[in-house]
Amino acid sequence: DTEVTQTPKHLVMGMTNKKSLKCEQHMGHRAMYWYKQKAKKPPELMFVYSYEKLSINESVPSRFSPECPNSSLLNLHLHALQPEDSALYLCASSQVEGVRGNEKLFFGSGTQLSVL
Amino acid sequence: AQSVTQLGSHVSVSEGALVLLRCNYSSSVPPYLFWYVQYPNQGLQLLLKYTSAATLVKGINGFEAEFKKSETSFHLTKPSAHMSDAAEYFCAVSEATGRRALTFGSGTRLQVQP
């Protein structure tokens with residue numbers, strides 16, 4: 001199994017809603033990532049978890065709250081989002097967190113989020 | 001600080017023609033360089049990576065890239081384009097020390113004309 005599975009594929013939410021994005025991998029990878037990708041732009045790193053601990057937080061607003069319950073799962077909790085947060089949210093994993101800087105990332109297909 | 005610059009946001013080629021996608025990097029230490037491909041409504045998939053073992057790197061789907069330190073370049077090529085190659089291509093860089101997370105270029109959309 002070399003897949004990273006993200007659910008849901010599409011999500012529409014209001015600015016007062018609370019929702020969660022989910023990501024799962026069963027490759028035994030110990031690093032997991034959240035990226036945000038606006039239309040026609042490259043992915044931007046949001047968070048990195050390494051061995052279930054938050055390793056990198058790229059100064060993301062607190063309305064985004066990541067969680068790594070175990071080595072296979074990664075969640076992104078959303079609350080009080082703004083319309084400008086509408087984007088494709090990509091989850092990725094790698095064997096370890098860029099220890100040598102050359103780790104291959106495996107990406108999920110993403111959750112297309114629309115905030116109304 | 002590390003960065004990559006992709007020249008040309010759109011490239012259009014005819015089926016069977018040479019594909020050349022340009023990437024230049026900036027890094028204060030020896031870099032690791034990657035090319036990822038993104039098909040519509042999908043995540044990114046690694047095409048190939050340079051990790052200093054060899055300057056000419058062969059990847060999946062017939063793509064290859066050559067690391068040229070003197071030109072700080074890592075251009076992606078394919079001898080003969082297929083319709084299925086139409087996608088967004090991202091060059092990315094990371095460093096062996098310091099901040100090792102990937103930094104992506106702005107992307108190049110490849111169109112393949114029949």
Side-chain angles (χ1 to χ4, degrees), chain A residues 2-10 21 23-25 27 29 31-50 54-60 74 87-113, chain B residues 1-6 8-10 21 23 25 27-54 57 59-60 67 74 87-111:
Chain A
T2 58
E3 281 194 356
V4 175
T5 303
Q6 289 187 244
T7 56
K9 292 193 181 301
H10 301 275
L21 309 185
C23 175
E24 190 169 3
Q25 57 86 16
M27 294 178 278
H29 290 174
M32 297 186 77
Y33 309 74
W34 281 115
Y35 282 85
K36 173 182 178 180
Q37 186 178 24
K38 301 283 278 183
K40 302 187 188 304
K41 296 291 186 183
E44 296 177 351
L45 183 66
M46 300 175 72
F47 303 104
V48 181
Y49 272 83
S50 180
L54 186 62
S55 172
I56 295 177
N57 178 340
E58 290 289 272
S59 303
V60 178
L74 184 67
L88 181 68
Y89 288 84
L90 293 165
C91 174
S93 69
S94 63
Q95 280 195 314
V96 292
E97 182 201 349
V99 172
R100 297 185 302 278
N102 64 352
E103 296 298 328
K104 174 181 177 179
L105 293 185
F106 290 78
F107 282 84
S109 298
T111 294
Q112 187 64 54
L113 174 67
Chain B
Q2 58 191 28
S3 67
V4 285
T5 301
Q6 292 184 241
S9 59
H10 288 84
L21 305 182
C23 173
Y25 70 90
S27 176
S28 56
V29 297
Y32 297 122
L33 294 160
F34 307 77
W35 277 99
Y36 280 83
V37 60
Q38 185 176 30
Y39 298 101
N41 303 312
Q42 293 191 26
L44 282 73
Q45 180 184 6
L46 181 69
L47 278 177
L48 49 81
K49 66 178 181 180
Y50 165 75
T51 58
S52 76
V57 182
I60 62 172
F67 174 74
F74 190 58
E88 188 86 20
Y89 291 80
F90 293 98
C91 183
V93 63
S94 68
E95 294 175 346
T97 59
R99 186 174 183 279
R100 291 183 289 266
L102 276 181
T103 299
F104 287 93
S106 55
T108 298
R109 179 162 297 278
L110 176 65
Q111 288 183 312

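Nothing here was measured: the structure is a model prediction, and the numbers come from that model.
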* In Å and rounded to the nearest 0.5 Å, what is the OG to CG distance from A:S94 to B:L102? -> 9.0 Å
* **B:E88: salt bridge (Lys or Arg N to Asp or Glu O under 4.0 Å) partners, not counting sequence neighbours** => B:R109
* Heavy atoms of other groups near A:K41 NZ, more than 12 under 6.0 Å -> no
* **Structural part of A:Q37 lying under 4.5 Å from a heavy atom of chain B** => side chain
* Pairing residues for A:Y35 by the ring pair (Phe, Tyr, Trp, His ring centres under 6.0 Å) criterion, not counting sequence neighbours -> A:F107, B:F104
* Measuring from A:E44:CD to B:T103:OG1, what's the distance to the nearest 0.5 Å? -> 10.5 Å
* Nearest heavy-atom pair of B:G43 and A:L90: which atoms, and what distance? -> CA-CD2, 3.9 Å
* Structure fact -> So, the part of B:Y36 with a heavy atom under 4.5 Å from chain A: the answer is side chain
* Structure fact -> Interatomic distance, OG1@B:T51 vs NZ@A:K104, rounded to 0.5 Å, equals 13.5 Å
* Proximity breakdown for A:L105 and chain B, heavy-atom pairs closer than 4.5 Å -> both
* **Spacing of CG belonging to B:N41 relative to NZ belonging to A:K9, to within rounding of 0.5 Å** => 10.0 Å
* Structure fact -> Most contact-rich option vs chain A, by heavy-atom pairs under 4.5 angstrom, among B:S106, B:S9, B:A92, is B:S106
